[in-house]
Each structure stands twice: as structure tokens, then as C-alpha cells.
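Worksheet for the structure shown next.
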Amino acid sequence: MADPFYLTTAIHYPNGRPHLGHAYETVAADVLARFQRARGRDVRFQTGTDEHGLKMAQKARDLGITPRALADEMSGHFRDLFDVLGISYDRFFRTSEDAHHLASQALWQAMEANGDLYLDRYEGWYSVRDEAYYDEAELTIGEGGEKLSPQGTPVEWTAEESWFFRLSRYQEPLLALLRDNPEWVRPDRSRNEVMRFVEGGLNDLSVSRTSFDWGVKVPGADEHVMYVWVDALTNYLTGIGYPDDKATFEKFWPADLHLIGKDIVRFHAVYWPAFLMSAGLPLPKAVFAHGFLLNRGQKESKSLGNVTDPLALAERFGVDVLRYFLLREFSFGQDGTWSPEAIISRANAELANSFGNLAQRVLSFIAKNCDGEVSAQGEPTEADRALQDKVGHACSIELPEAFERLAFAAGLEAWMQAVFACNAYVDEQAPWALRKTDPVRMQTVLHVLCDCIRRLAIAVAPVVPSAAEQLLDALTIPDDRRNFGSLADDTPLSFQIDKPVPVFPRLDLGA
RNA sequence: GGGCCUGUAGCUCAGCGGUUAGAGCUGGCCGCUCAUAACGGCUAGGUCGCGGGUUCGAAUCCUGCCAGGCCUACCA
């Protein structure tokens with residue numbers, strides 16, 4: 001049976017429409033999911049929306065609709081976006097699902113049974129906007145004499161009964177986890193952040209609210225709803241059947257990777273493992289925090305009015321182009337800067353001119369001059385072997401090795417080098433000259449090139465699935481010969497080529 | 001305020017103690033004509049944020065400062 005691979009994105013908070021950052025994280029996860037499937041893993045890939053919490057309740061109130069209606073609408077936008085982007089999720093998760101409430105309560109009860117939950121009283125200056133309590137000393141006075149949080153949001157004196165989680169118990173176990181598994185949280189930036197936070201001492205965590213009811217009810221205390229992060233994190237369990245579907249759950253848990261943004265590292269690398277330890281469940285194998293994308297070097301925000309709709313980018317440039325750009329342009333884990341010009345430049349140089357045109361010049365030559373069929377007829381030369389070695393190494397070794405460590409840009413860089421080598425080979429071998437002088441040799445050259453294109457397309461398919469599929473169709477490669485295992489296949493004896501169509505059209509700025 | 005991260009050719013990035021600091025894009029020159037005016041070859045271009053220090057030797061280590069980001073903080 002295939003080796004399971006369970007991968008998650010963070011579930012997205014749908015108090016607004018999805019932005020490019022949501023697309024970035026989810027596309028990256030999708031590439032990894034497709035990559036692992038093509039390597040033969042039994043992949044379970046989950047994304048979704050995190051719909052509870054005060055901010056959703058308030059936003060709904062402002063709009064005069066129910067939180068449920070707001071969640072339905074906004075979650076739909078996320079799902080639509082992901083469908084357009086070709087996200088191959090196995091499960092689109094919503095925390096408002098009934099099963100999730102039951103699962104969160106089950107987790108809660110497991111933590112309670114372990115003696116880690118207790119009722120206490122919480123009071124202080126509470127900012128609804130920040131969803132946080134502040135100390136008196138932190139407050140400032142606004143123009144009208146009202147008290148403001150450090151973020152400048154209004155605060156009100158609030159007292160509520162709250163359940164607390166004994167996070168303080170888990171300081172040592174967490175430190176041991178981080179010490180003994182240096183790769184558990186990546187990159188190092190995030191690991192450092194977590195280490196320092198835990199070393200600084202952990203206070204018990206307030207994990208329930210009574211000031212609103214849009215959330216998961218605390219078992220046996222109906223007036224409380226769970227703190228959003230408790231039920232949000234639980235989605236990783238619920239989505240694979242916790243607690244009732246033991247077969248599915250045990251197959252996929254613990255997760256192989258939680259892919260998240262760098263801003264929510266603490267929740268995933270401190271609170272989450274503590275909850276799981278408390279409930280007696282195994283911990284996920286790894287957490288990876290990606291960087292943020294900056295629009296021409298600036299953070300996108302509503303107040304700056306520079307928020308990009310990822311759907312518009314996908315429509316303007318194409319889904320495959322956008323996916324390729326997102327993974328190729330940035331060092332995953334670090335922040336990156338993008339612009340429409342950068343997308344066009346990258347797409348034209350690498351996808352249209354280098355790879356797309358390579359396929360087009362070879363396939364269309366075959367369609368025109370060989371009646372659409374090529375086969376190996378002569379002995380391979382040194383140049384043939386050198387090219388095939390280069391392409392084979394890039395596709396079977398370099399790209400997979402890089403993708404395994406989430407170094408997508410490095411993997412695609414190695415892949416591009418192989419594409420360059422193919423174009424150089426075409427020029428050196430000049431099949432258009434061989435057509436007149438040595439048709440047998442011409443067949444061999446074209447045959448080598450078809451096989452290289454086949455392997456390049458298979459390797460890059462997780463990133464640009466539609467275009468790769470078109471190319472493999474054009475080469476008449478069977479569906480079950482399109483995975484990484486097939487890279488090592490013996491070259492097909494012959495290739496049948498229909499009249500090809502360019503798979504990556506050139507883009508221009510006016511478009 | 002503290003911690004961590006980032007700052008390398010016009011642009012996006014790699015290099016993270018050791019020969020003349022690399023790649024791609026952009027620019028210039030040459031070649032080719034199969035191809036999406038695409039491809040190939042050559043070439044131009046850098047005070048490695050700034051100032052100190054360690055070392056035979058630093059973009060690479062230490063320190064101070066500047067700019068941006070993330071996390072965090074009882075600092076009136």
C-alpha cells in the first residue's frame with residue numbers, strides 16, 4: 001500500500017475576500033500535493049476556512065446578516081478561487097460543519113480528562129477589534145478621552161468567566177521537542193521565534209469566551225464557546241475523521257506537514273503541540289512557515305488600497321503562469337516582491353520562449369517534416385547522451401530533491417537549466433539541415449528531443465498541470481506513464497505527434 | 001523597548017571563511033532560421049546597506065548604526 005502523506009494549509013479566515021497571500025500558500029501546498037502524488041505517495045491534502053470567532057460575528061452584524069450567511073458567502077469565494085487555481089484538495093474544510101463541532105468537543109474532553117482545563121475568571125481592558133486583553137499600563141488616551149489599545153483600537157472593561165488551558169505544564173516538553181527536532185519548525189527564523197517564546201515562560205491560555213456565541217460550544221458549559229484557535233487547529237484532525245473514523249484517522253495522522261504563514265507560527269508550534277500532548281495524540285511531523293508577498297515592495301492592505309484579487313491575476317495571466325511565477329520567483333520561506341511586469345517577464349522568458357517554444361519548434365517540425373512520427377533509428381552520439389543525462393538528472397534528482405525540502409525556486413532553476421540545454425542541442429544538431437543530409441540522424445535527434453520534452457513536462461507538471469497535460473497529450477504519453485517513476489522508463493520506441501499548439505502564449509503588458 | 005529575519009549587478013535572487021563574487025532577466029555584438037520576432041554563442045554591468053573589529057584571508061565571523069518585515073513586551 002502506498003505511503004500516506006497528509007498535508008494541510010492553514011484554514012483561511014474569511015472575514016474578507018481571499019487575497020494573493022491565500023493563493024500563494026494554497027498553490028504551494030497544491031504543488032507539493034501533486035508532486036507527492038506523482039512520486040507515488042497516497043496524498044491527503046486539506047485546506048478550507050476558519051469561520052468562527054468574534055470578528056466574523058461582528059462583521060455579520062455590521063452587514064445585517066447571520067454569521068452563518070457571511071461564512072457561507074465568504075467561504076464560497078475561497079473555494080471558487082481554489083477551484084479556478086486548480087487546487088487539488090481532497091477536503092475543503094469548514095469549521096462550521098457539525099462534525100467539526102463534535103470533533104472539537106472530543107478534543108476538548110480529552111484535554112479536560114488529562115486535567116489541563118480549569119475554570120477561572122478573566123477581566124481587563126478588552127479590545128474587540130484586536131480580540132485581546134490589555135494591561136491598564138498599555139493603554140493610551142484618545143482624542144475624545146476614551147481609552148485605546150496600543151494598536152489604537154477602542155477597549156472596554158470586560159469581565160468574563162473563562163476556561164484556561166494549562167499551557168504552563170508544557171514548557172519543558174515543548175523545549176525538548178524543539179531541541180531534539182531542529183527541522184520540526186522551519187525555516188530557522190520561525191524556529192528561533194518559537195524557542196525564544198517558550199524559553200520566556202508560558203502562561204496558561206484562556207481558551208473560552210462568553211461574550212459571543214459564534215463558535216463551538218464548550219462541553220458541559222453551553223454559555224462558553226471555544227477560543228477560535230482551539231477549534232481552528234482541530235480542523236487538521238476533524239478533516240481526517242477524528243474521533244470516529246478511526247481507519248482514516250490512523251492512516252493519515254500524524255500529518256506530514258502543516259504549511260502556514262510566518263505570522264501564525266506560535267499557534268502551530270506552541271499551542272497546537274501542547275493541545276495534542278494533552279489529548280494524548282501524536283504530533284505533526286513538521287511545520288513550515290512561508291514568507292509574505294509584497295506588491296512592488298509594499299505590503300498589501302485595505303488602507304493602502306493596493307489589495308490584489310488573485311482571481312484577476314489568474315484571468316489576466318493564466319493559471320499555470322501564475323502558479324509557476326509564485327513558486328519560481330521567490331525563495332519559499334522568505335518574503336518576496338512581485339509586480340505584473342515581473343510575472344510577464346518570468347512567464348515570457350522561461351515558459352513561452354524557453355520551454356514552450358522548445359516544445360513547439362520540435363513538435364511542429366515533426367508534424368511538418370516527418371508526418372508526425374519519429375523513432376530512434378541510429379546509434380546515439382555523445383551529445384545525445386550528454387543531453388539526456390542532463391535532463392534526467394534535473395528531472396529525477398535535482399528538482400525532486402529541492403521540492404522535498406520545499407525549495408521550489410531551486411528545483412525549477414535546475415529544471416530551467418535542462419531546458420536551456422535542450423535549446424542549445426537543437427541549434428547544434430540543426431535537424432533542418434539534417435533533413436537534407438542525413439534523415440536517419442535527424443530522426444534520432446528529434447527522438448531524443450521528444451523524450452527530453454516528455455521528461456521535462458512530467459517533472460514540471462505539479463507546477464503547471466494544464467500545460468504539462470497538453471504536452472504529454474501531444475506526445476501521446478499514456479495517463480499512467482506521467483509520474484516520477486516513469487521518468488526512468490525506457491524511451492518510447494516512437495512518438496506520434498499531432499499538429500501542436502503553443503502551450504504558453506507570450507504575454508504583453510497591455511493584455 | 002526586546003528577540004528573530006532580510007538588505008549582493010538596472011531587476012529577481014544564489015553564494016554564507018579561501019583562487020579574478022555567480023545565475024536568469026534587461027542592454028550590446030555575432031550566429032541560426034526549425035519555432036510563440038522565438039533559439040544559440042559572446043559581452044557589458046557590483047563600494048556584497050553603512051562604520052568599526054577578528055583573521056594570513058570576510059559578502060561570508062563579531063560589534064555598532066541605518067532601512068524593511070515578523071513575533072513580542074507592565075515603557076510613562
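Proteins come first, then strands; the chains are lettered A, B, ... in the order of their sequence lines, and each starts at number 1.
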- Verify, without hydrogens or angle tests, whether A/N235 (side chain) and A/D50 (backbone) share a donor-acceptor contact under 3.5 angstrom. no

- Note on the structure: When both distances are under 3.5 Å in a Watson-Crick or G-U wobble arrangement, the nucleotide paired with B/C70 is B/G3

- Name the nucleic acid region contacted by A/V362, choosing base, sugar-phosphate or nothing; use a 4.0 angstrom heavy-atom cut-off, strictly under. nothing

- Counting heavy atoms from C-beta on, name the nucleotide in B/U36, B/G69, B/G24 closest to the side chain of A/F420. B/G24

- Message: Any base atoms under 4.0 Å from A/F504, or only sugar-phosphate, or nothing? Heavy atoms, all strands.
- Response: base

- Task: Provide, to the nearest angstrom, the distance between the CG atom belonging to A/L293 and the C1' atom belonging to B/U6.
- Result: 15 Å

- Query: Whole-Å distance between B/A73 P and A/L202 CG?
  - Reply: 12 Å

- Query: When rounded to the nearest Å, what value does the distance between P atoms of B/G28 and B/A35 take?
  - Reply: 26 Å

- Message: With a 3.5 Å distance limit and no angle check, can you tell me whether A/W184 reaches the backbone of A/P284 through a side-chain donor-acceptor pair?
- Response: yes

- Given the P atoms of B/G46 and B/A23, what is the spacing between them in whole Å? 15 Å

- Task: For B/C34, give its Watson-Crick or G-U wobble partner with both distances under 3.5 Å, or none.
- Result: none

- Atom-pair distance (CD on A/Q429; P on B/A35), nearest Å: 18 Å

- Message: Say we look at B/G57 and B/A73: how far apart would their P atoms be, to the nearest angstrom?
- Response: 45 Å

- Assess whether side chain to side chain contact (heavy atoms under 4.5 Å, CB included) is satisfied between A/D309 and A/R17, documenting all intermediate values. CA-CA 8 Å; A/D309 177 3; A/R17 286 169 175 266; 5.8 Å; no

- First locate atom CG of A/L205, then atom CG of A/D116, and finally report the distance between them rounded to the nearest 0.5 Å. 12.0 Å

- For B/U54, the Watson-Crick or wobble counterpart (both distances under 3.5 Å): none

- When the nearest nucleotide of RNA chain B is assigned to A/A349 and to A/F197 on a heavy-atom basis, which residue is associated with the more 5' position? A/A349

- Side chain of A/E350 (C-beta onward), nearest among B/A35, B/G24, B/C71: B/G24

- Distance-only, no hydrogens or angles: does the A/T8 side chain make a donor-acceptor pair with backbone N or O of A/Q46 under 3.5 Å? no

Give me the distances for all protein-to-nucleotides 27-32 of chain B N/O pairs that come in under 3.5 Å?
none

- Query: Taking the same atom, C1', in B/C16 and in B/C61, what whole-Å distance lies between them?
  - Reply: 10 Å

- Message: Once ring pair (Phe, Tyr, Trp, His ring centres under 6.0 Å) is applied, do any residues pair with A/Y236, and if so which ones, sequence neighbours excluded?
- Response: A/H258, A/H268, A/W272

- Query: Under 3.5 Å, side chain of A/D204 to main-chain N/O of A/S168, donor-acceptor pair present?
  - Reply: yes

- Task: May I ask you to say what A/P431 touches in the nucleic acid, namely base, sugar-phosphate or nothing, with a heavy-atom cut-off under 4.0 Å?
- Result: nothing

- Query: What nucleic acid atoms does A/Q417 come within less than 4.0 Å of, heavy atoms only: base, sugar-phosphate, or nothing?
  - Reply: sugar-phosphate

- Query: In whole angstroms, how far is the C1' atom of B/G41 from the CG atom of A/N423?
  - Reply: 13 Å

- Query: Got a sec, which residues hit ring pair (Phe, Tyr, Trp, His ring centres under 6.0 Å) with A/H22, two or more places apart in sequence or on another chain?
  - Reply: A/H12, A/H19, A/F78

- Message: I'd like to know if A/R191 and A/E183 make a salt bridge, using a cut-off of under 4.0 Å between side-chain N and carboxylate O.
- Response: no

- How close or far is atom P of B/A35 from atom CG of A/L358, stated in whole angstroms? 14 Å

- Query: In whole Å, what is the span from the CG atom of A/L412 to the C1' atom of B/C25?
  - Reply: 16 Å

- With C1' as the reference atom in both, quote the distance from B/C62 to B/U20 in angstrom, rounded to an integer. 28 Å

- Query: Can any side-chain N or O of A/D384 pair as donor or acceptor with the backbone N or O of A/T381 at less than 3.5 Å?
  - Reply: yes

- Looking only at B/C34, B/C70, B/A38, the nucleotide nearest the A/K262 side chain is B/C70

- Message: What's A/R506 touching, base or sugar-phosphate or nothing? Going by heavy atoms closer than 4.0 Å.
- Response: base

- Answer yes if the ring centres of A/Y24 and A/F332 are under 6.0 angstrom apart, and no otherwise. yes

- Message: Using a distance-only criterion (donor-acceptor N/O pair, under 3.5 Å, no hydrogens), is the base of B/A38 paired with the side chain of A/N357?
- Response: no

- Expressed in whole Å, how much space separates the C1' atoms belonging to B/G22 and B/A44? 16 Å

- Task: Just do the side chain to side chain contact (heavy atoms under 4.5 Å, CB included) check on A/W229 and A/V207 with the steps written out, would you?
- Result: CA-CA 8 Å; A/W229 275 103; A/V207 288; over 6 Å; no

- Counting side-chain heavy atoms from C-beta on, which of B/U36, B/C39, B/C34 comes nearest to A/N353? B/C39

- Task: Specify the separation, in whole Å, of atom CG of A/N203 and atom C1' of B/C74.
- Result: 13 Å

- A/E193 CD to B/C71 C1', straight-line distance once rounded to whole Å: 4 Å

- In whole angstrom, give me the gap between the C1' atoms of B/G49 and B/A59. 12 Å

Find every protein N or O atom lying less than 3.5 Å from an N or O atom of nucleotides 11-13 of chain B, and list the pairs.
| residue | atom | partner | partner atom | Å |
| --- | --- | --- | --- | --- |
| B/U12 | O2' | A/E329 | O | 3.2 |
| B/U12 | O2' | A/E329 | OE2 | 3.3 |

- Query: A/R361 or A/N348: which one's nearest nucleotide on RNA chain B is closer to the 5' end?
  - Reply: A/R361

Check the interface with nucleotides 42-45 of chain B: list each N/O to N/O pair with the protein under 3.5 Å, or write none.
none

Protein-nucleotides 58-64 of chain B N/O pairs under 3.5 Å:
none

- Is there a donor N/O on one and an acceptor N/O on the other, under 3.5 Å, for the side chain of A/R189 and the base of B/C5? no

- Are any side-chain N or O atoms of A/R323 and backbone N or O atoms of A/V463, one a donor and one an acceptor, separated by less than 3.5 Å? yes

- In the structure shown, which nucleotide is the Watson-Crick or G-U wobble counterpart of B/G17, with both distances under 3.5 Å? none

- Establish, yes or no, whether a centroid distance under 6.0 Å links the rings of A/Y324 and A/F317. no

- Item | Ion pair check, A/E193 and A/R189, cut-off under 4.0 Å | no

- Message: Checking the side chain of A/R435 only, and the main-chain atoms of A/M442 only, is there a donor and an acceptor separated by less than 3.5 Å?
- Response: no

- Using Watson-Crick geometry (N1-N3 plus N6-O4 or O6-N4) or G-U wobble (N1-O2, O6-N3), each under 3.5 Å, B/C48 is paired with none

- Query: Can the ring centres of A/W415 and A/F355 be said to be less than 6.0 Å apart?
  - Reply: yes

- Query: Does any nucleotide pair with B/C11 by Watson-Crick or G-U wobble geometry, both distances under 3.5 Å, and what is it?
  - Reply: B/G24

- Item | Minimum-distance nucleotide to A/A424 side chain [options: B/G41, B/A35, B/G24] | B/G41

- Query: What are the two closest heavy atoms between A/D427 and A/R361, and how far apart are they?
  - Reply: OD1-NH2, 2.8 Å

- B/G64 and B/U26, which share atom name C1', separated by this distance in whole Å: 37 Å

